[in-house]
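Notes follow once the structure below has been shown.
Residue numbers start from 1 in every chain, and the chains themselves are labelled A, B, ... in the order their sequence lines are given, proteins ahead of strands.
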There are 2 protein chains.
Amino acid sequence: MPNNSNYKTEKEFLINYDPSEFESPLVTVDLCIFTLIDNDLKVLMVKRSQFPEKGKLALPGGFIDLNSDSTIEETALRKLLKKTGVKSPYIEQVSTIGNKSRDPRGWSVTTLYFALIPHVDVIESNEVGDEVKWLSMEDVAISSMAFDHKELINKARERLANKVSYTDIGFHVLPAKFTLSQLQKAFEILMDHKLEKKSFRRRMMSADLVSELDEVSSERGRPAALYEAKSDKLHFFARSL
Amino acid sequence: MPNNSNYKTEKEFLINYDPSEFESPLVTVDLCIFTLIDNDLKVLMVKRSQFPEKGKLALPGGFIDLNSDSTIEETALRKLLKKTGVKSPYIEQVSTIGNKSRDPRGWSVTTLYFALIPHVDVIESNEVGDEVKWLSMEDVAISSMAFDHKELINKARERLANKVSYTDIGFHVLPAKFTLSQLQKAFEILMDHKLEKKSFRRRMMSADLVSELDEVSSERGRPAALYEAKSDKLHFFARSL
DNA sequence: TGATATAGTGGCACTGTGCCACATATAAGT
DNA sequence: ACTTATATGTGGCACAGTGCCACTATATCA
């Protein structure tokens with residue numbers, strides 16, 4: 001607990017102030033990076049190379065670099081860039097978890113972010129050469145993980161599903177051009193909830209979020225019109241999906 | 001930055017691990033405690049008695065007590081209890097802000113909570129005898145404040161308005177018995193948005209959140225039926241207000 | 001008794017949604 | 001060539017919830 005009580009002026013305080021008076025918890029940032037691969041929701045994990053929890057799967061993340069990071073968001077973006085090569089993801093702070101038991105090293109606080117990236121943008125074999133792995137969300141429940149990271153993933157997953165239902169963040173897992181069916185499928189997977197085709201299309205068109213291109217995507221069946229997102233701005237739907 | 005790299009076993013790691021290897025930021029918890037006094041939204045402020053920012057208005061909050069607090073929520077509740085005497089408020093984590101410039105003492109991280117309490121439950125002249133003040137939200141913009149606390153209040157205010165529009169947390173600023181008009185007025189102030197009387201009543205009744213009592217409240221005009229909240233559970237409206 | 005004030009309701013037009021049948025356009029199979 | 005499978009895209013209607021506001025109800029005050 002702090003003890004810097006009896007200074008008479010601001011100057012005296014600043015000169016004599018000793019940061020080590022404060023006993024601080026460990027502070028980390030953890031990232032839950034989601035993407036869609038073959039219509040399967042995946043989360044990026046790394047295998048820990050150091051104690052504690054050496055060898056276990058963990059979320060990418062780590063300590064704030066007090067010298068080079070000037071904000072906590074910068075820490076998060078730096079770590080995401082290092083693991084995926086993606087520079088401008090959708091990223092959002094989920095929650096901060098702090099208690100005395102989550103880390104064997106002692107009182108520990110972590111700020112959890114989730115990010116949404118299109119899989120095509122990921123540079124495989126990242127620069128660090130850490131052992132990274134896209135884990136299917138279906139396998140999260142049955143995998144053993146470091147610290148409380150399984151809980152963290154569940155929190156992020158919940159926030160993701162919720163937010164996708166009333167914003168356009170779902171666009172961020174798709175490539176630049178997509179069909180409305182692909183878009184709908186992505187929303188359905190992210191929300192874990194089936195959607196009605198007609199209603200979905202009506203909403204997307206009336207929200208004016210996409211513009212039709214002069215191209216079609218053709219696989220099986222009738223060729224589908226390709227669209228692109230109209231804006232990068234976060235858009236709130238008037239009503240939830 | 002951490003340096004605890006070369007341990008061969010977990011045991012060796014735990015024995016030799018030195019927490020001071022880590023350079024940690026300052027970690028605090030700040031509270032934005034809202035209530036309604038005479039149909040005016042207020043936020044609780046304290047006058048700082050120590051450097052830095054001595055004498056300025058600040059949000060109640062402070063350092064985690066690593067010995068007595070076992071979670072960060074416990075820290076928040078402890079501080080709220082100390083300032084207001086309220087034991088079971090509505091409380092919610094808003095966001096965590098961390099950067100190198102917000103505190104003259106150096107890299108600093110704060111986790112911001114907002115709380116909603118009924119004014120009647122507040123024990124005036126709290127045990128610490130700190131100089132505390134209910135500041136009207138209208139005066140926030142024109143008041144000088146410590147650190148980045150004005151921004152913190154604005155963030156909490158925004159979250160509050162938003163959340164009130166699709167949940168029943170607005171109930172928490174009212175006494176146990178209230179009229180529907182009082183309830184509507186409270187929602188309007190918290191959301192900063194006028195509501196339609198008929199629509200509001202329809203929604204409240206169909207959501208089955210209140211039960212009518214055999215009492216009436218009578219001031220001017222026709223006496224109004226008194227109601228009480230049916231449950232403490234957080235309820236999400238199907239549609240926003 | 002009538003003015004004023006607040007509580008509470010009736011009722012209708014409008015909007016968005018769920019639903020599902022139908023029309024359209026292509027590839028693949030025979 | 002024609003059929004079948006498959007997927008895209010639309011038409012249209014019943015239904016539910018909302019906004020709106022005039023109207024009724026019940027009190028106090030002068």
Side-chain angles (χ1 to χ4, degrees), chain A residues 36 38-39 164-168 170 174-175 177-189 191-229 235-241, chain B residues 36 38-39 164-168 170 174-175 177-189 191-229 235-241:
Chain A
L36 221 52
D38 295 334
N39 282 336
V164 166
S165 77
Y166 63 95
T167 69
D168 64 0
L174 290 177
K177 299 175 183 182
F178 48 83
T179 69
L180 289 185
S181 295
Q182 284 163 3
L183 184 64
Q184 179 178 343
K185 190 74 189 170
F187 270 76
E188 287 178 345
I189 293 166
M191 293 168 60
D192 194 24
H193 184 286
K194 278 270 178 193
L195 294 170
E196 230 285 321
K197 184 169 53 165
K198 188 68 194 294
S199 305
F200 180 79
R201 295 168 104 94
R202 245 189 325 226
R203 286 291 292 279
M204 284 300 153
M205 301 319 278
S206 74
D208 196 34
L209 290 176
V210 292
S211 38
E212 195 171 347
L213 302 172
D214 278 337
E215 304 171 62
V216 289
S217 155
S218 166
E219 300 203 29
R220 284 171 299 283
R222 173 175 170 176
L226 281 171
Y227 289 79
E228 63 180 6
H235 181 277
F236 285 80
F237 296 123
R239 298 270 174 259
S240 294
L241 288 170
Chain B
L36 221 50
D38 296 334
N39 282 336
V164 167
S165 76
Y166 64 95
T167 68
D168 65 359
L174 290 176
K177 298 175 183 180
F178 49 81
T179 69
L180 288 186
S181 296
Q182 285 163 3
L183 184 64
Q184 180 178 341
K185 190 75 189 168
F187 270 76
E188 288 178 345
I189 294 167
M191 293 168 61
D192 193 23
H193 184 287
K194 278 270 179 193
L195 294 170
E196 231 286 321
K197 184 168 54 166
K198 188 68 194 295
S199 305
F200 180 79
R201 295 167 105 92
R202 245 188 327 226
R203 286 291 292 281
M204 284 300 154
M205 301 319 279
S206 74
D208 196 35
L209 291 176
V210 292
S211 38
E212 194 172 348
L213 302 172
D214 278 338
E215 304 172 61
V216 289
S217 154
S218 170
E219 300 202 30
R220 284 171 299 284
R222 173 174 170 177
L226 281 171
Y227 289 80
E228 63 181 6
H235 179 276
F236 286 81
F237 295 123
R239 297 271 174 258
S240 294
L241 288 172

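With rounding to the nearest 0.5 Å, the separation of NZ in B:K185 from NZ in B:K194 is 4.5 Å. B:H235 contributes atom NE2, which lies 8.0 Å from atom CG of B:D208 (distance to the nearest 0.5 angstrom). Rounded to the nearest 0.5 angstrom, A:L180 CG and A:K197 NZ are separated by 11.0 Å.
In the interface, the side chain of A:K198 is not paired with the base of C:dG18 through any donor and acceptor atom under 3.5 Å apart.
Of all the residues in residues 200-209 of chain B, B:R202, B:R203 reach under 4.0 Å from DNA chain D with at least one non-hydrogen atom.
Side-chain contact between B:T179 and B:L226 is present, with heavy atoms from C-beta onward closer than 4.5 Å. Within the 4.5 Å cutoff, no side-chain heavy atoms of A:N39 are placed close to those of A:Q182. Looking at heavy atoms from C-beta onward, B:S181 lies in side-chain contact with B:R201 at the 4.5 angstrom threshold.
Here the C1' atom of nucleotide D:dT10 and the CD atom of A:E212 are 13 Å apart, to the nearest Å. Note: NZ (A:K197) to C1' (D:dG12) measures 15 Å, nearest angstrom. Rounded to an integer number of Å, the gap from A:E196 CD to D:dG12 P is 17 Å. Taking atom CD on A:E215 and atom C1' on D:dT8, their separation rounds to 17 Å, with Å as the unit. Residue A:Y227 contributes atom OH, which lies 12 Å from atom P of D:dT8 at whole-angstrom precision. Note: CG (B:L195) to P (D:dC20) measures 11 Å, nearest angstrom. When the C1' atom of C:dT17 is taken as reference, atom CZ of A:F237 falls 15 Å away, rounded to whole Å. Between A:L213 atom CG and D:dT8 atom P the separation is 16 Å, expressed in whole Å.
With ring centers used as reference points, A:Y227 lies 6.0 Å or more from A:F178.
Under a cut-off of 6.0 angstrom, the local environment of CD in B:E219 is sparse, with at most 12 non-hydrogen atoms contributed by other residues, nucleotides or ligands.
Taking the side chain of A:S199 as heavy atoms from C-beta on, and the options D:dC20, C:dG18, C:dG8, the nearest nucleotide is C:dG18. Ranking D:dG9, D:dG17, C:dG8 by closeness to the B:R239 side chain, first place goes to D:dG17.
Toward the 5' end of DNA chain D, the nearer of the two residues B:S240 and A:A225, judged by each one's closest nucleotide, is A:A225.
In this structure, B:S181 does not reach the C:dT6 phosphate: none of its side-chain N or O atoms is under 4.0 Å from OP1 or OP2.
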Fill in the blank from the handout: B/S/- along nucleotides 24-30 of chain C (protein heavy atoms under 4.0 Å) is BBBS---
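For B:Q184 (side chain) and B:L195 (main-chain N/O), a donor-acceptor pair under 3.5 Å exists by modelled atom type.
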